[in-house]
Every structure is written in C-alpha cells, then in structure tokens.
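Read through the structure below, which is laid out as structure tokens, and then see the notes.
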Amino acid sequence: MTEVTYQSLHGDGSRTRRIAVVGAGLAGLAAAVWLAEQGHQVSLLEKRGRLGGRTFSFDVPGAEGMVDNGQHLFAGCYDALLEYVGTIGTEEHLHWDAPPFAIRTGPDRLLTARGPRWLPAVLRNTAGLSWLVWPPIPWRERPAAVRTWLRIGTAAWKPSPDLDTMTADRWFREIGVPESLRKLTLDQLVIGLLNEKPDRVSAFTFAQALHFIARRALAGNLRAGDAVWPRVSLHELFVAPAERFLRARGAEISTGAQVVDVELDDDRLTALRLADGRRIDCDAAILTLPPWSLTTLLDRGVLAGHEFFDPVRKIEPAPISSVYVWLDRPLRMVRLAENLRDTTIEWVFDTTGMHDGDHRDGYCYSLAVSASWDVVHLRNDEFVRRATESLHQHYPEARAAQVLRTKVIHQPQATFSAHPGFESLRLSQKTPIGGLFLAGDWTRTQLPSTMESAAESAKRAVDAVRDYLSLSR
C-alpha cells in the first residue's frame with residue numbers, strides 16, 4: 001500500500017510525519033505498529049538480521065516448527081501487551097489458564113489451585129490459592145506467615161520509596177518472615193517476578209510489582225492474575241504479524257541497519273546516521289535499545305553531552321538460562337507450568353501441551369532457571385545433566401524416558417537487574433531533546449522487566465510522540 005493510498009484512507013487532512021523507530025524488539029515493534037496505525041510513515045531500523053529482539057524463535061534440527069528463546073509467560077493484567085496482540089490480530093493464539101501457582105515439592109506433592117469446579121473461575125482460583133494465606137509450613141510459624149502477608153499487602157498497597165534503599169532479603173528479615181515461608185513460596189515469587197535473587201533485588205521493585213497486579217485487578221480485570229500462554233512460537237505471535245501489519249501500511253523495515261549517531265539542530269532531532277553512511281531524515285524518533293546498547297550509542301556521538309542519559313550507564317543485566325528437552329514419553333504434570341523445589345531447575349513448562357499436544361517429534365518441555373547466576377557459565381552438557389537430574393527427582397517417569405534431543409539457551413542479558421536504587425536510574429520516555437524519545441522495559445514504567453513493561457513503554461512513547469507532533473505543526 002503506498003503512502004498516498006494510506007493517507008487517503010484517513011482523510012483527515014493532516015500531514016503524514018516520518019517517524020523512525022530504532023530497535024525491533026517487542027517495544028520497537030509495538031511502537032512501530034501503533035505509529036503506523038495512526039497514519040505516520042514509519043521507518044523501523046534493526047541492526048541485527050532479524051526482527052524480534054529478545055522475543056525470537058528458531059528451528060531445532062529434528063523438531064517440527066520453531067521454538068522460542070526460552071518459555072515466555074505473561075499475565076491477564078498485561079493490558080498493553082494484550083492491546084498489541086489485539087492490534088496485530090493474534091488473540092486466537094493465546095491460551096488462558098489459572099494463576100501460575102503450582103509448586104512441586106516432590107513426586108506426587110503439588111501445591112496448586114484446587115478450588116471446587118462448580119465455583120465461578122475467579123472464586124475457584126481464590127479458594128484454590130487459600131493455602132498461600134495459611135501455608136503448609138510448621139504450625140508454630142503459620143501466625144508469622146499470616147503477619148508476613150499482611151505486611152507485604154500493606155507495602156504493596158502504597159509502595160514506599162524507602163524500600164528502594166534495601167534488598168528484598170533484608171526487608172524480609174526486618175519484618176520477620178519465617179524461613180519456611182521463604183523457602184516454600186516467597187523467595188521464588190521474588191525471583192519469578194523480577195528475575196533476580198532476593199539478596200540482590202530492591203524491595204521496592206517487588207512491592208511495586210505486586211501493587212501493579214492488584215491495581216489492575218481492582219480496576220475490574222477479573223483475570224488479572226491468570227496465566228496466558230502462547231500457543232504458537234513468539235515469531236508467529238508477535239513478530240511476523242507485526243511485519244505484515246507494517247508493510248501493509250507502507251512502513252519501511254530495514255535489518256542490518258545500525259544507528260551510530262543522531263543529528264540535532266538547537267537540541268531538536270533532525271536525522272539519524274547509520275553505520276553504512278546513510279542519513280535518515282525524520283520528524284521524530286523512538287530509541288528502543290536495551291541500556292547496554294544505548295550506552296554504546298552514547299559513547300559514539302552527540303548524546304554523550306547530555307546528562308539526562310548518564311544513569312543508563314549504571315544499569316546492569318540479569319541472566320536467564322533454559323534448556324528444551326524432548327522426551328519419548330510425557331511427564332505426569334498437573335499444570336502447564338510447575339515450579340520445582342530443591343533442584344537446579346526452577347520451572348518446568350509443558351511446551352507440547354501449550355501447543356495443542358502435537359508430539360510427533362517427542363514431548364517437549366522447557367526447563368528454566370531465572371536469575372541464573374549459578375549456572376549461566378556452565379558447559380551445555382553439564383547444564384543438561386543437572387536439568388535431567390531435576391526431572392528425575394520430581395517426575396519418576398522421567399528416569400525411564402529417552403532424551404531425544406536438547407537445546408540449551410543461556411541469556412546473560414535477559415533482563416535488567418533491579419538492585420536497590422534502580423528506580424532512580426530509569427529514564428522517562430520523553431527526553432530533553434525535541435523529537436527524541438525512548439522505549440524499552442527498563443524505561444520509567446513502574447513495572448519489572450517484562451513483556452508488559454516493554455509494551456507499556458511503547459504506548460507511552462507513542463503518546464509522547466503524538467503530543468510533540470501536535471505542538472510542532
């Protein structure tokens with residue numbers, strides 16, 4: 001579709017603006033899609049040879065279809081991400097499930113939502129998770145566990161900035177959290193939400209994450225805490241449909257296009273410069289780079305002179321490690337995702353079950369370790385050995401299973417590390433430079449490093465672009 005044809009469809013008489021989006025991860029794709037939907041001429045620039053950023057998929061020899069760079073979970077409270085999926089038209093590829101609380105403490109010992117089936121879904125999930133309030137820990141420690149949840153609930157209702165001066169571990173010790181509760185649920189809740197260890201992550205970021213979920217639920221989202229699983233690869237869910245959407249609206253998509261500097265006129269963006277010598281004129285641009293890539297851009301060009309960008313240099317990454325394992329027989333899993341205790345592997349995801357049970361090439365499971373500081377540097381064979389031992393410990397049928405193939409994925413820079421003080425490092429989507437905006441899960445969204453934070457940042461950046469353009473006509 002040509003630009004002229006697309007403008008005629010809108011018929012509002014406004015001048016189409018050229019907007020550059022730098023980076024084609026989830027934040028970049030969402031920003032580009034929403035800008036194109038508004039009628040702008042979009043140029044999407046990605047330095048790699050593919051789109052998708054950290055949400056990418058690939059082929060594994062011997063397995064049908066694509067697999068992702070580790071299993072991705074999002075929740076029913078991810079409004080911005082669900083809006084993006086709705087815009088590109090892939091809602092039918094989502095599988096909605098009960099809240100992802102399924103803790104396996106040993107063979108045939110699983111704590112999960114088991115409310116009566118005759119109850120409505122919301123009440124059934126609430127009843128089934130009642131063990132969180134009165135957990136199966138020593139009786140003498142249960143009153144302290146109830147007090148813990150009350151203290152955490154109070155902090156989550158209105159997170160105090162004072163919590164950003166301490167780690168979650170220190171805060172838990174200060175409020176007297178029983179060690180049995182930490183071992184059973186709380187430490188893993190921190191790691192699962194924030195991809196960081198309790199002794200490294202900000203207590204404020206933890207409280208703020210709980211505040212976000214509660215706020216969405218109280219706003220009327222009855223499925224805020226539910227799990228949402230992709231029934232297809234991330235490429236099919238997020239990337240390929242976005243590319244089709246953009247091309248149908250005349251967007252220019254360039255891979256292998258690395259931005260090395262920006263051009264300014266009196267602190268106002270006029271163009272981008274690429275490594276191959278090209279110059280891209282634009283009315284506005286959104287940089288959707290991860291902080292470590294943005295730092296490289298800062299070191300090379302004129303943005304280095306702006307103090308606004310300095311905090312990004314202090315942001316550190318946190319790793320996630322996972323391995324796909326194909327077995328010749330299924331595990332006896334009750335839920336699509338189960339959280340293991342006392343093993344190297346923390347999560348087992350039934351990928352075959354999520355993808356409608358196609359097991360022609362074996363039964364596929366994604367085994368994951370969040371905040372994987374202890375294993376991210378292991379050799380692949382050693383990590384696979386520890387992963388299969390974890391399965392043997394919790395699923396006896398795995399001991400007799402034949403491993404058909406494996407695929408290890410270590411992501412040293414999977415997310416940002418929200419250490420104490422991190423909130424002060426997050427930058428606004430609007431920069432002091434006219435026409436230059438930021439997006440990415442690390443920008444100021446009040447959310448942890450999630451796909452929702454990436455989509456929410458894109459939404460805020462697009463709104464900021466709209467406001468800027470309305471003032472500069």
Side-chain angles (χ1 to χ4, degrees), residues 23 25-31 34 53-55 72-85 99-100 152-153 155-161 163-164 168 189-196 198 200-221 223-228 238 286-291 294 311-312 315-318 320 370-371 413-430 437-464:
L26 187 54
L29 289 172
W34 287 325
R54 285 170 287 169
T55 54
H72 288 64
L73 158 71
F74 56 101
C77 59
Y78 283 11
D79 292 353
L81 187 64
L82 291 170
E83 181 180 343
Y84 169 66
V85 168
I152 291 175
W157 182 258
K158 189 175 182 180
S160 169
L163 291 176
D164 204 25
L189 180 60
V190 171
I191 294 170
L193 284 175
L194 308 177
N195 190 43
E196 192 52 284
R200 293 174 57 92
V201 76
S202 167
F204 177 81
T205 306
F206 174 59
Q208 191 168 245
L210 298 179
H211 174 80
F212 159 72
I213 298 172
R215 189 177 69 243
R216 292 279 171 94
L218 293 173
N221 185 347
R223 305 200 70 177
D226 284 1
V228 186
F238 291 137
I286 303 176
L287 304 181
T288 71
L289 306 174
L294 181 56
V312 77
I315 297 178
E316 300 173 358
I320 295 177
S370 300
Q413 297 176 323
T415 68
F416 58 70
S417 176
H419 51 75
F422 173 75
E423 286 301 314
S424 66
L425 305 180
R426 306 183 84 164
L427 303 184
S428 168
Q429 288 77 34
K430 182 179 178 181
F437 303 88
L438 302 174
D441 60 358
W442 61 273
T443 60
R444 194 170 298 157
T445 64
Q446 292 78 52
L447 300 175
S449 185
T450 57
M451 292 185 290
E452 173 65 3
S453 186
E456 176 65 23
S457 74
K459 192 172 182 179
R460 296 185 185 197
V462 168
D463 287 346

Identify all side-chain donor-acceptor contacts of residues 201-214 below 3.5 Å with residues at least two apart in sequence or on another chain.
residue: Ser202; atom: OG; partner: Asp164; partner atom: OD1; Å: 2.6
residue: Ser202; atom: OG; partner: Phe204; partner atom: N; Å: 3.1
residue: Ser202; atom: OG; partner: Thr205; partner atom: N; Å: 3.4
residue: Gln208; atom: NE2; partner: Gln446; partner atom: O; Å: 3.4
residue: His211; atom: ND1; partner: Ala156; partner atom: O; Å: 2.8
residue: His211; atom: ND1; partner: Trp157; partner atom: O; Å: 3.2
residue: His211; atom: NE2; partner: Arg215; partner atom: NH1; Å: 3.4

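The shortest heavy-atom contact between Leu447 and Glu452 is CD1-CG, 3.8 Å. When every heavy atom of Thr450 is checked against every heavy atom of Asp441, the shortest pair comes out as O-CB, 3.8 Å. What you find for Ala439 and Ile286 is that their closest heavy atoms are CB-CG2, 3.9 Å. Arg54 and Ala414 make their closest contact through NH1-O, 2.6 Å (heavy atoms, listed as atom of the first residue, atom of the second, distance). Annotation for Pro291 and Trp442: closest pair CD-CD1, 3.3 Å, computed over non-hydrogen atoms. Between Gly421 and Ser424, the closest heavy-atom pair is O-OG, 2.7 Å.
Side-chain contact annotation: Thr445 with Ser453, donor-acceptor N/O pair under 3.5 Å present. Checking Thr443 against Gln429 by side-chain atom types alone, a donor-acceptor pair falls below 3.5 Å.
Annotation: salt bridge (charged side-chain N to carboxylate O under 4.0 Å, His left out) contacts of Glu83 (sequence neighbours excluded): Lys459.
To the nearest 0.5 Å, atom CG of residue Leu189 and atom CD1 of residue Ile152 are 8.0 Å apart. Note that the OG atom of Ser457 and the CZ atom of Arg444 stand 13.0 Å from one another [nearest 0.5 Å].
Using modelled atom types, no side-chain atom of Arg216 and backbone atom of Gly76 make a donor-acceptor pair closer than 3.5 Å.
Taking 4.5 Å as the limit, some side-chain heavy atom of Phe437 sits within range of a side-chain heavy atom of Lys430.
Using cut-offs of 30° and 60° for the angle between ring planes, the His419 and Phe422 rings count as perpendicular.
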